[in-house]
There are 2 protein chains.
Amino acid sequence: MPTPPRTSLEAIVSAGRRLLESEGLESLSMQRVAVAVGVRAPSLYKHVRDRGDLIRLIGNDAIQELGRSLDAAASSRDPRRDLRAMAVAHRAFAGAYPQAYRLLFARLPESWQVDASLAERASEPIIRTLEKLTAGEQTLEAARTVVAWAHGFAAMELAGAFRLGGDVDRAFAFGLDRLLSAVVSD
Amino acid sequence: MPTPPRTSLEAIVSAGRRLLESEGLESLSMQRVAVAVGVRAPSLYKHVRDRGDLIRLIGNDAIQELGRSLDAAASSRDPRRDLRAMAVAHRAFAGAYPQAYRLLFARLPESWQVDASLAERASEPIIRTLEKLTAGEQTLEAARTVVAWAHGFAAMELAGAFRLGGDVDRAFAFGLDRLLSAVVSD
DNA sequence: ACCTGAACACCGTTCAAGT
DNA sequence: ACCTGAACACCGTTCAAGT
């Protein structure tokens, strides 16, 4: 006899993302997600293929949010200003959602990976802005340099890898300044 | 009645690191490490406090190897050349030991973290080289900028995050060039 | 002194049975 | 049509018992 669903994919993903952020990826168990949405673990398999699939959907959710935040940052008429704003937004996203951020740049099994089309769309504001600032055949290299720095900085900050004292905000400002002047064509 | 140890900390750490690299951190279970050294899981607790402690010891082993590799790279008389060589060595280490590399920059519980003194020693060649290349009060910021870029590049490469085609080696060379000229005082 | 099996509290996942 | 308990094959960790 048909029964109405007692939960939904949306509720599962959103509970999963909340649990990820509060407890970390290791504690993101099917059982805990199930309890959070009011069912038992086996029921989740009606909505997601397995735990990796749920992780992929959580990543999709997060990367879209990061993309929206980068897009909003790149909305002035000044591409240099936009690039700075995107770097700040990138770091802010990592600070606000450290676990989700970590997930996006983690090495995961193929089937857990965020959808390629969503990843590409999230990076579009960066490419778009650097097209205005660099000679065409260097846009991709310039984007990779900037994103590598921004990601590395955020990842090290989250990992607590800046252990030698000093002012981390100052290092961020220094790096951003130098990077922009180095990467951008005159 | 006393019995001689049937394994050793050294054997455990080295089997653990091998298992980490071949199967990943998730598969680094006490049971599998125990089998690899010829005992049962409970016996490992005579040598390490818990799984996190074993992970810390594996990280210590890896960071010392990375440090030796950076140190060997920074052995010419030309600090610019040394900096390039260290960036190449850093990337090579990540490529050779992706799982151990990932571990070193992962966000881990405090007690799993590599010893601070070993982390500091591993970064010493970078600081030493940048001291020769920058005004004193900018050395730390310059080092953080270079390391953030090198780490971000390696991490993205390992994560398969360079998805827009193009030549990744070329992006590495481009980034390194631009970064050096931007970070180094004239 | 060291190693072990058994036990405990967890996992992810499958599946027959319940409604 | 959806949810469930039971089951299976795993975890990490503790501990009394074996040698």
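Order of the sequence lines sets the chain letters (A, B, ...), proteins ahead of strands, with each chain counted from 1.
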Worksheet item: Quick check: does any side chain N or O of B:Asn60 sit under 3.5 Å from a backbone N or O of B:Asp115, one acting as donor and the other as acceptor?
Response: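 Yes, because the side chain of B:Asn60 sits within donor-acceptor range (under 3.5 Å) of the backbone of B:Asp115.
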Discussion item. Using a 3.5 Å distance criterion without hydrogens, assess whether the side chain of B:Arg102 forms a donor-acceptor pair with backbone atoms of B:Ala94.
Written reply: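 No; zero donor-acceptor contacts below 3.5 Å.
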Item to complete: Classify every nucleotide of nucleotides 5-11 of chain C by which part a protein heavy atom approaches to under 4.0 Å, writing B for the base, S for the sugar-phosphate alone and - for neither, in 5'-to-3' order.
Response: BB----B
To the nearest Å, give me how far apart [atom1] ([X]) and [atom2] ([N]) are.
X       : N      : atom1 : atom2 : answer
A:Tyr45 : C:dC15 : OH    : P     : 12 Å
B:Lys46 : D:dT14 : NZ    : P     : 12 Å
A:Arg6  : D:dC2  : CZ    : C1'   : 8 Å
B:Ile12 : D:dG12 : CD1   : C1'   : 15 Å
B:Glu26 : D:dG12 : CD    : P     : 11 Å

Worksheet item: For DNA chain D, which consecutive runs of 3 or more Watson-Crick or G-U pairs (each distance under 3.5 Å) count as stems?
Response: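 As far as DNA chain D goes, consecutive pairing (with distances under 3.5 Å) yields the stems C:4-8 with D:12-16, C:12-16 with D:4-8.
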Worksheet entry | Side-chain N or O of B:Ser43 closer than 4.0 Å to phosphate OP1/OP2 of C:dC2 |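 No.
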Worksheet item: Residues in ring pair (Phe, Tyr, Trp, His ring centres under 6.0 Å) with A:Phe162, at least two apart?
Response: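 Result, ring pair (Phe, Tyr, Trp, His ring centres under 6.0 Å) vs A:Phe162: A:Phe153.
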Worksheet item: Do A:Arg107 and A:Gln113 have a side chain donor and acceptor closer than 3.5 Å?
Response: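 There is no such pair (donor and acceptor under 3.5 Å, judged by atom type) between the side chains of A:Arg107 and A:Gln113.
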